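The shown structure was predicted, so the numbers you read here are calculated from the model rather than taken from an experiment.
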Amino acid sequence: MPRKSDPDRLPHPGRASASRACAPVSEQSVQGVSGDIVTPAAILALLDGIERHGLNAPAALAFRSALRRKGIEADHAGGLAALDDLMGAVVGAGPNRADARTAILRAAWA
């Protein structure tokens, strides 16, 4: 049985349409210290994993750890402005889930 379409559900970051979910991603991307690029699409993929598995599931803990590392990379690359830009892109990508996602990000990036 096919799943119903969720307007706030974002495509997988590896798919071609993922860059349109947070357009323009290139303007919001942050180059991390290790050379990794932290994009809103990457943050949204991690948040989607946390939401899908539940906050206390072992998989969600792994996603939160990765989310924290992405936040550290963004902070090193652009400071609080970079974190604010990423958070703004996440909120803009799914206004229906903005409060829950903001809470997860604040806990991970505290």
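- R68 pairs by the side-chain hydrogen bond (donor to acceptor under 3.5 Å, both in side chains) definition with nothing, not counting sequence neighbours.
- Of all non-hydrogen atoms in A60 and I50, the two that sit nearest each other are O-CG1, 3.9 Å.
- The side chain to side chain contact (heavy atoms under 4.5 Å, CB included) check on L61 picks up R64, with sequence neighbours excluded.
- Every residue two or more places apart in sequence or in another chain was checked for a side-chain hydrogen bond (donor to acceptor under 3.5 Å, both in side chains) with T102, and none qualifies.
- Contacts of A108 classified as side chain to side chain contact (heavy atoms under 4.5 Å, CB included), with partners at least two apart in sequence or in another chain: L67.
- With contacts defined as side-chain heavy-atom distances shorter than 4.5 Å, the pair I43/L105 qualifies.
- Of all non-hydrogen atoms in P95 and G92, the two that sit nearest each other are CD-O, 3.8 Å.
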Original post:
When you look at D48 and R97, which way does the side-chain contact (heavy atoms from CB on, under 4.5 Å) test go after all the steps?
Top reply: CA-CA 10 Å; D48 186 51; R97 297 192 224 170; 4.1 Å; yes
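- Pairs passing the ring pair (Phe, Tyr, Trp, His ring centres under 6.0 Å) check and including a residue from residues 81-110, sequence neighbours excluded, do not occur.
- The ring pair (Phe, Tyr, Trp, His ring centres under 6.0 Å) pairs that include a residue from residues 45-66 are H53-F63, where partners are two or more places apart or lie in different chains.
- Between L44 and R101, the closest side-chain pair of non-hydrogen atoms falls below 4.5 Å.
- Taken from CD in E51 to CD1 in I104, the straight-line distance is 5.0 Å, to the nearest 0.5 Å.
- The heavy-atom pair separating A74 from L86 by the smallest distance is CB-CD1, 3.6 Å.
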